[in-house]
Amino acid sequence: MTAATPPLSETRVRPHVIVWTLGGESMQTSYGANCVAVIGQDAVLLVDPLIAPAHARPVAAALRRHTEAPVRLVALTHHHTDHTLGAAFFAAQGAQVVAHRACRERMAEEHPGLIAARREAPATRDLFADASSVLPTVTFDEALVLHVGEVEVEVWHPGWGHTRGDAFFFLPADRVAICGDLVWSGYHCNYEDADLSGVREGLRALRALDADTFIPGHGPAGGPEILDEQAGYHEVMAGLVRDAAAKGLDDAAIAGEVRARFPNHLLGLVIPTAVVRLKL
Ligand SMILES: [Zn+2]
């Protein structure tokens with residue numbers, strides 16, 4: 001057995017919109033990614049069903065405390081595994097998986113190899129024992145509307161932001177936006193596949209929505225201030241890395257400055273990649 005999975009924490013941002021996370025910052029807790037349920041009268045949409053079937057199962061159990069309606073749709077904000085590999089659990093029960101076309105392409109390229117490698121590694125073998133690569137059955141290029149019972153969910157592709165295949169979701173009647181990893185709250189931002197001007201564009205697109213509640217990819221939901229904080233983070237990081245590089249600091253020293261500037265942020269493991277990407 002690997003370390004026991006901690007309990008899901010649940011936040012009900014609307015009567016029919018629920019966010020679950022395992023918190024933390026390790027693979028054993030899906031890196032703290034948020035999974036969001038939109039519950040309609042006769043159907044459920046799940047956005048980003050965590051990193052493995054082992055984490056999707058407690059989500060399914062938590063969902064059953066709110067509704068008997070089946071998960072008809074699973075939608076993905078982007079291809080990173082902490083948001084996607086739980087989809088296989090719901091697809092096996094008949095859910096359609098929806099994502100941007102480029103998200104599907106990256107899943108097809110990357111996921112079989114990542115799953116195989118994690119099954120080999122002793123630390124992750126158990127978590128991924130029954131993981132499999134399931135590709136979206138519905139893709140889109142620009143936008144889409146999902147009808148979850150009576151609830152309308154707009155799906156938008158803001159261009160290449162956090163990844164080439166980003167999607168965010170907007171529930172106009174509820175003024176709720178599900179942002180994916182265009183927004184992190186209390187977590188460092190993973191820039192490994194990001195377009196640096198695109199992440200700012202993505203934040204502007206979220207800001208333009210008539211929403212008052214924003215659910216980030218990682219960290220607690222909040223109002224528009226979490227978009228401002230994320231935009232500020234990008235500015236601080238870009239300036240800090242540029243100035244430190246100009247002073248001749250090496251990457252490890254720059255990473256140390258980043259940690260010192262954001263002492264309470266989780267997911268420090270992405271800082272080295274951030275330094276490399278922001279120096280370009
Ligand atoms: Zn991501």
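In this text, all values refer to a predicted model and were calculated from it rather than measured experimentally. As the structure lists them, so they are numbered: ligands from 1, and atoms in each ligand from 1.
Looking at His80 and the Zn ion (ligand 1) together, the shortest N, O or S contact belongs to ND1. Per residue Asp181, closest N, O or S atom to the Zn ion (ligand 1): atom name OD2.
Taking 2.8 Å as the threshold, His162 counts as a candidate ligand of the Zn ion (ligand 1), since one of its N, O or S atoms lies below it.
In this structure, a donor-acceptor pair under 3.5 Å is absent between the side chains of His78 and Asp193.
Counting heavy atoms from C-beta on, the side chains of Tyr31 and Leu269 come closer than 4.5 Å.
Ring geometry for His188 against Phe262 counts as perpendicular: the plane angle is over 60°, on a 0 to 90° scale with 30° as the lower cut.
Between the side chain of Asn34 and the main chain of Pro220, no donor-acceptor pair closer than 3.5 Å is present.
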